[in-house]
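Throughout, residue positions are numbered sequentially from 1 according to the sequence presented. The model shown is predicted, which means the values in this text are computed figures rather than measured ones.
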Amino acid sequence: MLHLLVDTSTWLDLAKRRDGQKWIVVVRLLSLQADLELLVPSLVLDEFERNRAGIEQSMTASVSERFRLLKRDLDTYGGADQQDALDLLAGLAHQVPLIGAMTTRNFDDIADLLRAGRVMEPTDVERGRVVQRGLDKLVPFHRPRNSVADALLIELYATAVRGADLSVEPHAFVTSNSSDFSDPQGDKRTPHPDLAPLFCDEGSTYGLGVEGLDTILDTHFGSSFHELVEESDFTEEPRRLDEIQAAEQELADRIWYQRSLAHERRYQEGGDQAAVENLRRIAGPGRRRVEKKYEGARSLGPYDDFEWGMLNGKLSALRWVLGSEWDFLDT
């Protein structure tokens, strides 16, 4: 089992990435399979929750701001196709709330991962080593700033490493904070010389940022990691408003068409020929429009019970997205 301690800075970087689910899902699956254990200092969980609100707000606000600036530029500099561009922008603006929700999804999933990991609380032993580290001006006290939290983080990792048989229980530490933890004179992907003794054993690895996390998972799990990535690597794009409306209209057309034919069959079975003729007169133009639009009546059914249920379920879902109540199936 790989024991992985990831700094708050890397979790926040991962949460902000549109492709963040690639790693989030893999870490979740490996944890469920008992192939990976997240070591979660309580201060990491606290810092993550403390910072997420501001970052979520800035990310969703930046999307709205880009739309506002685009509209302003179109109003100012738009040419002959200005109206078409404004119409497109209006449709895209419909996606802003959904984009915002998808943006914050990573934060929710990471918070769940952290809560499910092994929470580590600092003891007097780690606090004492932090004090000594500060007196000796060792990393992360080599810079003129309050580095107590970072020092606690590295001391908690040191405790985990010293209490493990690294040949069978490998450990890894991942951070995006290169200023405090990485070699200032060399490759930022390597630890500061003050921290080098923690990572001199092959069973203890230092990783920088999301890329370092990727490298650690790749090195430790190999082909298993790649297979999980292939299965879970996806970037969801919200549908445009015009796409949703077009799909909703097609479903409504298909359901209306089948309902119209069902009404006609009922009149025929009841022997009411006048009602049949009247229905054909009223519904005929609409049927021909639908048949032409969807390339003939053969592609419009009949549907079995499962297909009919799917059509109605899809229509209900799309109308709910567009603002109607659930189960609104009028055609």
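Tracing side-chain contacts under 4.5 Å through hydrophobic residues (I, L, V, M, F, W, Y), one never reaches Val119 starting from Val44; they form parts of separate clusters. Hydrophobic clustering (ILVMFWY, side-chain heavy atoms < 4.5 Å, transitive): Leu113 and Val26 are in one cluster. By the rule that hydrophobic residues join a cluster once side-chain heavy atoms approach within less than 4.5 Å of another member, Leu138 and Val161 end up as members of separate clusters. Taking hydrophobic clusters as Ile, Leu, Val, Met, Phe, Trp and Tyr residues chained together by side-chain heavy-atom distances below 4.5 Å, Trp326 shares a cluster with Leu329. By the criterion of side-chain heavy atoms lying less than 4.5 angstrom apart, applied directly or through intervening Ile, Leu, Val, Met, Phe, Trp or Tyr residues, Leu30 is not grouped with Val168; the two fall into different hydrophobic clusters.
Panel note: side chain Ser204, backbone Leu198; a donor-acceptor pair is recorded below 3.5 Å. A donor-acceptor pair under 3.5 Å is formed between the side chain of Glu126 and the backbone N or O of Thr123. A distance-only check finds a donor-acceptor pair linking the side chain of Asn51 to the backbone of Glu47 [under 3.5 Å].
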For this session: Could you walk me through whether Ser9 and Asp7 pass the side-chain hydrogen bond (donor to acceptor under 3.5 Å, both in side chains) test, one step at a time?
Result: CA-CA 5 Å; Ser9 56; Asp7 189 2; 3.2 Å; yes

Exercise. side-chain contact (heavy atoms from CB on, under 4.5 Å) between Leu4 and Leu213: does it pass, once the steps are laid out?
Worked result: CA-CA 9 Å; Leu4 185 63; Leu213 173 63; 3.6 Å; yes

Problem set entry | Thr331 and Tyr257: CA distance, side-chain angles, deciding distance, side-chain hydrogen bond (donor to acceptor under 3.5 Å, both in side chains) verdict | CA-CA 9 Å; Thr331 56; Tyr257 185 87; over 6 Å; no

Exercise. Thr10 and Ser176: side-chain hydrogen bond (donor to acceptor under 3.5 Å, both in side chains), yes or no, with the steps?
Worked result: CA-CA 5 Å; Thr10 301; Ser176 297; 3.0 Å; yes

For this session: Give the intermediate values and the outcome of side-chain hydrogen bond (donor to acceptor under 3.5 Å, both in side chains) for residues Glu227 and Ser224.
Result: CA-CA 5 Å; Glu227 290 172 3; Ser224 298; 5.2 Å; no

For this session: For Asp124 and Arg127, run salt bridge (Lys or Arg N to Asp or Glu O under 4.0 Å): C-alpha distance rounded to whole Å, both residues' side-chain angles, the deciding distance at 0.1 Å, then the answer.
Result: CA-CA 5 Å; Asp124 290 342; Arg127 294 189 185 98; 3.3 Å; yes

For this session: Might you work through the side-chain contact (heavy atoms from CB on, under 4.5 Å) test for Trp320 and Glu325, ending with a clear yes or no?
Result: CA-CA 6 Å; Trp320 183 82; Glu325 295 300 321; 5.8 Å; no

For this session: Show your working on side-chain contact (heavy atoms from CB on, under 4.5 Å) between Leu315 and Glu248 and close with a plain yes or no.
Result: CA-CA 6 Å; Leu315 180 61; Glu248 186 270 341; 3.9 Å; yes

Problem set entry | Intermediate values then yes/no, salt bridge (Lys or Arg N to Asp or Glu O under 4.0 Å), Asp136 and Arg129 | CA-CA 10 Å; Asp136 295 338; Arg129 293 207 300 258; over 6 Å; no

For this session: Step by step, work out the side-chain contact (heavy atoms from CB on, under 4.5 Å) result for Thr175 and Asp180.
Result: CA-CA 10 Å; Thr175 181; Asp180 281 339; over 6 Å; no

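Scanning both residues, Val27 and Leu38, for their nearest heavy atoms gives CG1-CD1, 4.0 Å. Nearest heavy-atom pair across Met1 and Ala34 is CE-O, 3.1 Å. Pairing each heavy atom of Pro285 with each of Ile282, the nearest pair is CD-O, 3.7 Å. The two residues Trp11 and Ile110 have their closest heavy-atom pair at O-CD1, 3.5 Å. Pairing each heavy atom of Asp218 with each of Phe225, the nearest pair is CA-CD2, 3.5 Å. Looking at every heavy atom in both residues, Trp23 comes nearest to Asp214 through NE1-OD1, 2.9 Å.
Distance check: Lys314 NZ to Asn312 CG gives 11.0 Å after rounding to the nearest 0.5 Å. Residue Leu311 holds its CG atom at 5.5 Å from CD1 of Ile255, rounded to the nearest 0.5 Å. Residue Ile24 holds its CD1 atom at 10.5 Å from CZ of Arg17, rounded to the nearest 0.5 Å. With rounding to the nearest 0.5 Å, the separation of CZ in Arg118 from OG in Ser31 is 12.5 Å. Note: Thr8 OG1 to Arg52 CZ = 13.5 Å, rounded to the nearest 0.5 Å. Interatomic distance, Leu251 CG to Arg319 CZ, rounded to the nearest 0.5 Å: 9.0 Å.
Residues Arg287 and Glu291 are in side-chain contact: their nearest non-hydrogen atoms beyond the backbone lie under 4.5 Å apart. Inter-residue side-chain proximity for Leu36 and Leu217 is flagged as met; some heavy-atom pair is nearer than 4.5 Å. Side-chain contact check for Leu322 versus Gln245: some heavy-atom pair is nearer than 4.5 Å. You'll find the side chain of Arg254 reaches within 4.5 Å of the side chain of Tyr303, heavy atoms only. The shortest side-chain heavy-atom distance between Met120 and Thr159 does not fall under the 4.5 Å cut-off. Contact check for Ser182 versus His192: no side-chain heavy atoms found under the 4.5 Å cut-off. The closest side-chain heavy-atom distance from Asp109 to Gln21 is below 4.5 Å. No side-chain heavy atom of Val174 sits less than 4.5 Å from a side-chain heavy atom of Val210.
Using a 4.0 Å cut-off between charged side-chain N and carboxylate O, Arg115 and Glu49 make a salt bridge. Between Asp253 and Arg289, at least one side-chain N (NZ, or NE/NH1/NH2) sits under 4.0 Å from a carboxylate O, which counts as a salt bridge.
Members clustered with Tyr267: Val276, Leu279, by chain and number, using a 4.5 Å side-chain heavy-atom cutoff among hydrophobic residues. Clustering of Ile, Leu, Val, Met, Phe, Trp and Tyr side chains at separations under 4.5 Å leaves Phe328 isolated, with no partner residue.
Few gaps surround CD on Gln273; more than 12 heavy atoms of other groups in view lie less than 6.0 Å from it. Within a 6.0 Å radius of CG in Asp187, more than 12 heavy atoms belonging to other residues, nucleotides or ligands are found.
Judged by the 6.0 Å distance and 45° axis criteria, Arg189 is not positioned over the aromatic ring of Tyr206.
Note on ring orientation: taking the six-membered ring where Trp is involved, the planes of Phe199 and Phe173 are tilted (angle from 30° to 60°).
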